[in-house]
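Scope of the values below: all heavy atoms of this structure, side chains included, with no hydrogens, waters or symmetry mates. All chains are named by letter (A, B, ...) in the order of the sequence lines, taking the proteins before the strands, and each is independently numbered beginning at 1.
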2 protein chains.
Amino acid sequence: MDKKIRIKDIARMAGVSAGTVDRVLHNRGNVSDDARIAVEKIIEQVDYRPNMHVSSLSLKRRYKIAVTTPQYSSGAYWESIHNGIKHTLDEYENIKVEYHVFTYNQYDIYSCREVFEKISRFEMDALIIGTTFREETIKLCSKMDERQIPYIFVDSSVDECKPLAFFSADHYMVGRLIANLITSITPKGSNIGLLQAVRTGDSSAYTTILRKKGFTDYLSEMKSMNQVLKIPFSVSQPEDNERHLSHFFKNHKNVPGIVVMNSRGSIVSDYLYNNNMDNVKMICMDLTTPNIEAVKKGHIDLLIGQGPEYQGFYAMKTLLEYLIFKKPVTIQNFVQLDIITKETVDYYKSF
Amino acid sequence: MDKKIRIKDIARMAGVSAGTVDRVLHNRGNVSDDARIAVEKIIEQVDYRPNMHVSSLSLKRRYKIAVTTPQYSSGAYWESIHNGIKHTLDEYENIKVEYHVFTYNQYDIYSCREVFEKISRFEMDALIIGTTFREETIKLCSKMDERQIPYIFVDSSVDECKPLAFFSADHYMVGRLIANLITSITPKGSNIGLLQAVRTGDSSAYTTILRKKGFTDYLSEMKSMNQVLKIPFSVSQPEDNERHLSHFFKNHKNVPGIVVMNSRGSIVSDYLYNNNMDNVKMICMDLTTPNIEAVKKGHIDLLIGQGPEYQGFYAMKTLLEYLIFKKPVTIQNFVQLDIITKETVDYYKSF
DNA sequence: TGTATTTTTGTGTACGTGCACAAAACTATA
DNA sequence: TATAGTTTTGTGCACGTACACAAAAATACA
């Protein structure tokens, strides 16, 4: 167990005082080239890893961080992301963070524009963005670029933007995964039902496109004979869904498997249960409270988790460590995909 | 964001000095009943959570912790447990821990006895036990009980012992999970091959018994018509396995699915691949390096992980927090079960 | 060369906790 | 009441880091 290297050690090795090392580490300037080079050389050699918890202890600065996501209710997907973020603040409890939440209606583009407008003018050190509306996000980000405010994406990234980092599932791979699983648990060449949101304000479209591409690519690569049947579904008029579903199943008698690529799976599974169609296999996304219940009861067979708590946690953690400790950042961060069954759901841990 | 309560605050509230609060918190004695009660009362009221990283900073004591597991090679299951343990020491880098590893040959009971004998007399503050031989473990634990040295199990627990805690998969549920998955991905009523270790010194027998019970319970509860066919397999004579396998498949032509309840899955998957039997579905345990490779190549369909790094990490973390901060301990800790496919294996994170 | 100004460097303190040691308050005994 | 011994209490330092401020060195300018 080799001894831990401290600032004082670096100072001694470089023949300067601890204050100078500190100035180099935080590039506060007012250091002669000679001293700076000497210190940098030593830092290269030894692997100095600052004790972050002690740092934060003596940190005076306050940080102001904004977070914007769609509105969320209890037990929903976006809530988990917020929980993850709060968990970071909990861990670094002595860092003084002002944490501002901006939510908008993800089915109302005007609400999004209004909120993003507000954020554009908001005074802050950094921003975490839960992406949904694509064009609006691009606009917001270019504003942030202009103002030199770093931002991190959660849930999904937007190619046109230059975030400090993003934390999201590899949505294309999610699609492939779902295809693999549904073809594995249904007889060869089965019809597969796919829940398809009827476009409203058309929000998280890009994510869904990627997933669907993964899904169909997998099927065609495997030369599967499965037919994919779209089940229409409305977020804005939930009262219509019962009708959509019964209409679908009236026209399609032989559908042994259904996949839902958004978090609304429990709506379908509830329908199946209420209509004694337990033999239909279901794969859904996200561990929302209703989905978890459906898995426990066996109405959903497989649930795919994309670690929203993890995403929020690491987004905030990365941000703080970047702001405070200048820690280098990995831009692309694909999170783990969790496959949950009735047997494993009780042991699932978000952190 | 309500202000953090410090020792100094408690002292002020209780009308004593910080030193007295410290003595109460660590029950170091030499405190009058009056003062003790006053302090305890305040501690009840406010929820004081010590800043552990600062504590460890000013901690003078050294701790001596022993770990015993079977011998392990690179990329193997037990190595991951050790990695998890090391990760804790990494996180609490300023706690002075002497960390002693005792490994034995898990297929040689005499080796185990010899090592446990040594541990029985070893001077230490706590012990982490990776359980395999049952009777030997019970004996070792009773010795530890006598010496009042706390111990924590990883991988699996032993009912007869009184550990401070254990971190393990719910092995019965692992069995049920595997049964669910294999019956889901094979046609109804298929024959299922089950790799069966021919008894050597008979080591991790109990774990396997639990898993098998879960497996068969599930099948009978589901009134499945699947026949379970045992495939013999030898750990001590690996050169025999090729023969075992070809013998098995000569006698059983129709086996669309095989499950392996230990970490040796890649042995079977390699055989299947080499003999052009790719259509046989495989479910195996543990993310060992060869198993991961087999999943990536598609030779293993589903891999079940029991978070060995997590087990090791939390075992050590729990121990340190118990020893140093008297943190209350949850005895029973069942870890998350991870289901890994070709699509998710690259995104799997141990921590 | 001397003084003012700027740049560079070093020192000291705070943060929250553990622990050693000194100080104070009791208790026992003559 | 005085003295010695014991228990209880308070104080101060260390840990590693950030940051303010003082000190020193370098530079500019008369």
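- A:Met124 is listed as a side-chain neighbour of A:Arg147, based on a closest heavy-atom distance under 4.5 Å.
- Between the side chains of A:Asn333 and A:Tyr314, no donor N or O sits under 3.5 Å from an acceptor N or O.
- The distance between the ring centers of B:Tyr104 and B:Phe116 falls below 6.0 angstrom.
- Annotation: cation-pi geometry satisfied between A:Lys64 and A:Phe122 (NZ/CZ under 6.0 angstrom from ring centroid, within 45° of ring axis).
- The rotation axes computed at either terminus of the helix from C:dT1-D:dA30 to C:dA30-D:dT1 lie 60° apart, taking five pairs at each end and rounding to 10 degrees.
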(request) For A:Gln311 and A:Asp155, run side chain to side chain contact (heavy atoms under 4.5 Å, CB included): C-alpha distance rounded to whole Å, both residues' side-chain angles, the deciding distance at 0.1 Å, then the answer. (result) CA-CA 7 Å; A:Gln311 291 182 33; A:Asp155 179 68; 4.2 Å; yes
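- At a cut-off of 3.5 Å, with distance as the only test, a side-chain donor of A:Tyr92 or A:Glu321 sits close to an acceptor on the other residue.
- Ring centroids of B:Phe334 and B:Phe166 are separated by less than 6.0 Å, placing the two rings close together.
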(request) Determine, for nucleotides 9-19 of chain C in 5'-to-3' order, which nucleotides have protein heavy atoms under 4.0 Å from the base (write B), from only the sugar-phosphate (write S), or from neither (write -). (result) BBB--BBBBSB
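- The environment of NZ in A:Lys118 is sparse: at most 12 heavy-atom neighbours from other residues, nucleotides or ligands sit within 6.0 Å.
- The nearest whole Å value for the distance from the CD1 atom in A:Ile95 to the C1' atom in D:dC19 is 16 Å.
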Set out, line by line, the N/O atom pairs under 3.5 Å between protein and nucleotides 24-28 of chain D.
none

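- In this entry the distance linking CZ of A:Arg62 with C1' of D:dC19 reads 17 Å, nearest Å.
- B:Ile37 places its CD1 atom 13 Å from the P atom of D:dT8, with the value rounded to the nearest Å.
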(request) List the steps, then state whether side chain to side chain contact (heavy atoms under 4.5 Å, CB included) holds for A:Val21 with A:Val16. (result) CA-CA 7 Å; A:Val21 175; A:Val16 296; 3.9 Å; yes
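- A side-chain donor-acceptor contact under 3.5 Å links B:Asn94 and B:Ser56.
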